[in-house]
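Naming: A, B, ... by sequence-line order, numbering from 1 per chain. Just so you know, these numbers use all the heavy atoms, side chains as well, and skip hydrogens, waters and symmetry mates.
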Number of protein chains: 2
Amino acid sequence: MSNDVVNTKNSITDAGEVAPPDRCKSCRLRALDAFRNADTAEAKFIEGQRRERECFERGDVIVHEHERAKFIRTIYSGWAFRFKTLSDGRRQVLNFLLPGDIVGLQEQFSDASLHGVEALTSLSTCSFQPNTLWDMFGQHSRLAFGVTWIAAREEALIDENLLSVGRRSATERIGALYLHLYRRMRQLRLVDSQGWFECPITQTHIADALGLSLVHTQRSLRQLKKLGLYTRDNGKLRIENPRALERIAEYYEQPPRQMPLI
Amino acid sequence: MSNDVVNTKNSITDAGEVAPPDRCKSCRLRALDAFRNADTAEAKFIEGQRRERECFERGDVIVHEHERAKFIRTIYSGWAFRFKTLSDGRRQVLNFLLPGDIVGLQEQFSDASLHGVEALTSLSTCSFQPNTLWDMFGQHSRLAFGVTWIAAREEALIDENLLSVGRRSATERIGALYLHLYRRMRQLRLVDSQGWFECPITQTHIADALGLSLVHTQRSLRQLKKLGLYTRDNGKLRIENPRALERIAEYYEQPPRQMPLI
DNA sequence: CGGGCCATTGACAGTCCTCAAACCGGGTGG
DNA sequence: CCACCCGGTTTGAGGACTGTCAATGGCCCG
């Protein structure tokens with residue numbers, strides 16, 4: 001393949017992948033309002049700033065907690081998650097990262113990353129030059145606006161998770177999380193016609209994301225399954241009755257986010 | 001006073017306040033790295049976009065949940081908080097807003113606000129023209145970069161709160177919250193030489209911010225007080241032994257955030 | 001003096017956690 | 001081919017942390 005694939009200890013080549021600019025065209029970022037209407041100059045800028053393609057395997061740590069993060073990345077395919085840990089090992093998953101999400105935006109503004117990022121699946125990312133963000137703000141304000149849009153969207157998403165962890169019961173939390181993942185995957189057109197989508201998270205991840213113990217997560221999960229609200233099969237998840245789950249989880253769909261000014 | 005003070009049902013005039021541009025000069029936003037070095041053109045832009053000064057009283061709702069937020073604001077003086085509620089009334093405080101914080105940034109990117117904002121004290125804000133953010137991105141990239149910096153900082157702060165609510169015990173959570181507020185107020189130079197600072201939050205606010213019940217918050221609070229870790233007096237708070245509190249709360253100070261590229 | 005807001009305390013219940021062990025499917029090596 | 005290990009799931013038992021219900025006291029104010 002092209003020479004922009006990095007082969008470190010943590011990287012693999014992925015023969016099935018496409019090279020830019022086709023890769024940029026099929027990037028899930030394009031599915032978001034923020035970058036749907038990028039013009040050619042903007043696309044050229046992005047492609048020019050692209051540094052290399054990096055691949056990771058499940059379990060690889062992409063960004064280490066408290067370490068300086070080198071550059072900004074976008075997720076081309078695969079899942080990851082952000083997390084923080086306490087000194088005695090307790091871990092909190094902050095949110096899950098899906099294709100089209102940006103990794104390392106927060107870190108552009110501080111010396112060290114205040115959270116870690118770990119791959120949940122085989123992961124393919126694009127990384128960018130260190131000064132990309134700064135240059136983008138100076139030269140392509142629409143793109144910069146889009147990046148800030150992405151940041152605001154991620155914050156809204158963490159707000160929702162905080163509401164869950166703070167005020168929802170265990171089963172409500174799980175229901176809300178499953179609905180949330182379902183909706184995001186649907187938005188990315190990664191839910192098939194049968195309603196199935198890839199969901200590579202284990203019960204441990206759910207527990208860490210929702211502030212629960214593993215054992216209690218398992219019991220709450222079983223309860224929801226007994227109610228017939230979801231089915232899992234071989235790493236795939238299907239929400240059987242979104243409406244019912246919404247009521248149980250106290251988590252109703254919100255109008256899609258828009259880019260009012262573009 | 002000048003005619004840019006709004007007098008609605010929820011507003012008061014505040015005779016002790018200053019008018020722009022002095023008001024801009026003393027704005028706490030200037031205390032943040034992001035805007036410390038603003039040049040005259042940038043300052044002029046900000047002053048030109050300033051719409052009016054709005055004042056609120058404790059308990060006033062500045063932004064209603066699920067309603068369209070009109071414009072972006074900055075907090076000149078006073079405290080507020082962001083929150084979300086569930087349909088049955090359970091409430092989660094997402095974070096506290098202090099002088100220099102921006103209100104309504106997230107809402108610039110969506111049709112409706114996904115959280116509410118309520119004043120905790122008499123509050124003085126500056127509001128801006130609807131298109132201010134967009135114009136800023138187009139004309140003053142350094143300011144735009146600063147705004148995104150603020151957004152990233154707020155997200156990091158919510159991350160920390162999520163870690164608390166998800167993984168810290170009740171006393172740890174309270175300790176971490178008190179330390180957090182202490183550090184932020186210190187950064188704003190709002191801690192006096194004796195270590196005292198205004199802290200207008202009630203036990204109910206603490207409970208709602210930390211995902212605890214009011215009663216249990218009270219008991220955990222009493223426990224920390226018995227250990228001599230903090231003192232409260234007439235709406236003021238003093239952290240008696242930050243180091244000890246850090247250990248109890250598992251919440252250690254992180255290096256200050258910087259603006260690497262400016 | 002009554003009412004409202006907030007802090008405080010007691011009693012009790014229950015959600016949720018910890019410790020422990022078993023089970024299951026898949027991969028590995030003898 | 002089978003024993004063994006491993007990550008992940010499942011189940012049981014007991015206890016702890018945290019929530020709910022209820023009531024009291026202090027303070028401010030009309």
Point to revise | Residues Glu107(A) and Ser113(A): side-chain donor-acceptor under 3.5 angstrom | key: yes

Review point. Contact class for Leu212(A) vs. all strands (heavy atom < 4.0 Å): base, sugar-phosphate, or nothing?
Key: sugar-phosphate

Exercise for review: Report yes if at least one side-chain N or O of Arg168(A) is closer than 4.0 Å to OP1 or OP2 of dT15(C); otherwise report no.
Suggested key: no

Practice item. Answer with base, sugar-phosphate or nothing: what part of the nucleic acid does Gly59(B) contact at a heavy-atom distance below 4.0 Å? Key: nothing

Review point. Does the base of dG19(D) carry an N or O that pairs as donor and acceptor with the side chain of Arg219(B) under 3.5 Å?
Key: no

**Study point:** Pi-cation contact, Phe96(B) with Arg184(B) (under 6.0 Å, within 45°)
**Key:** no

Review point. Which sits closer to the 5' end of DNA chain D, Ala170(B) or Arg232(A), going by the nucleotide each is nearest to?
Key: Arg232(A)

Review point. Base, sugar-phosphate, or nothing: which does Gly235(A) touch, judged by heavy atoms less than 4.0 Å apart?
Key: nothing

Check your understanding: According to a strict under-4.0 Å criterion, is Gln203(A) in side-chain N/O contact with OP1 or OP2 of dT10(D)?
Key -> yes

Point to revise | Given DNA chain C, 5'-ward residue of the pair Thr217(A) and Leu214(B), judged by closest heavy atom | key: Leu214(B)

Exercise for review: Report which part of the nucleic acid Ser213(A) touches: base, sugar-phosphate, or nothing (heavy-atom distance under 4.0 Å, all strands).
Suggested key: base

Study note, to complete from the structure: From the list Arg73(B), Arg153(B), Arg82(B), salt bridge (charged side-chain N to carboxylate O under 4.0 Å, His left out) partner of Asp101(B) resolves to Arg153(B)

Review point. Expressed in angstrom and rounded to an integer, what is the separation of Gln223(B) atom CD from dT9(C) atom C1'?
Key: 15 Å

**Study point:** Touch class at under 4.0 angstrom, heavy-atom based, for Arg58(B) against every strand present
**Key:** sugar-phosphate

**Study point:** Atom-pair distance (NE2 on His205(B); C1' on dC6(C)), nearest Å
**Key:** 11 Å

Exercise for review: Could you state the atom-to-atom distance from CG of Leu221(A) to P of dG8(D) in whole Å?
Suggested key: 15 Å

Check your understanding: Do Phe83(B) and Asp208(B) have side-chain heavy atoms sitting under 4.5 Å apart?
Key -> no

Exercise for review: Quickly work out the Arg173(A) CZ to dT15(C) P distance and round it to whole Å.
Suggested key: 13 Å

**Study point:** Whole-Å distance separating the CZ atom of Arg90(B) from the P atom of dT20(D)
**Key:** 9 Å

Review point. Side chains of Ile174(B) and Leu224(B): does their closest heavy-atom pair fall under 4.5 Å?
Key: yes

Check your understanding: NA contact type, Ser220(B), heavy-atom cut-off 4.0 Å: base, sugar-phosphate, or nothing?
Key -> nothing

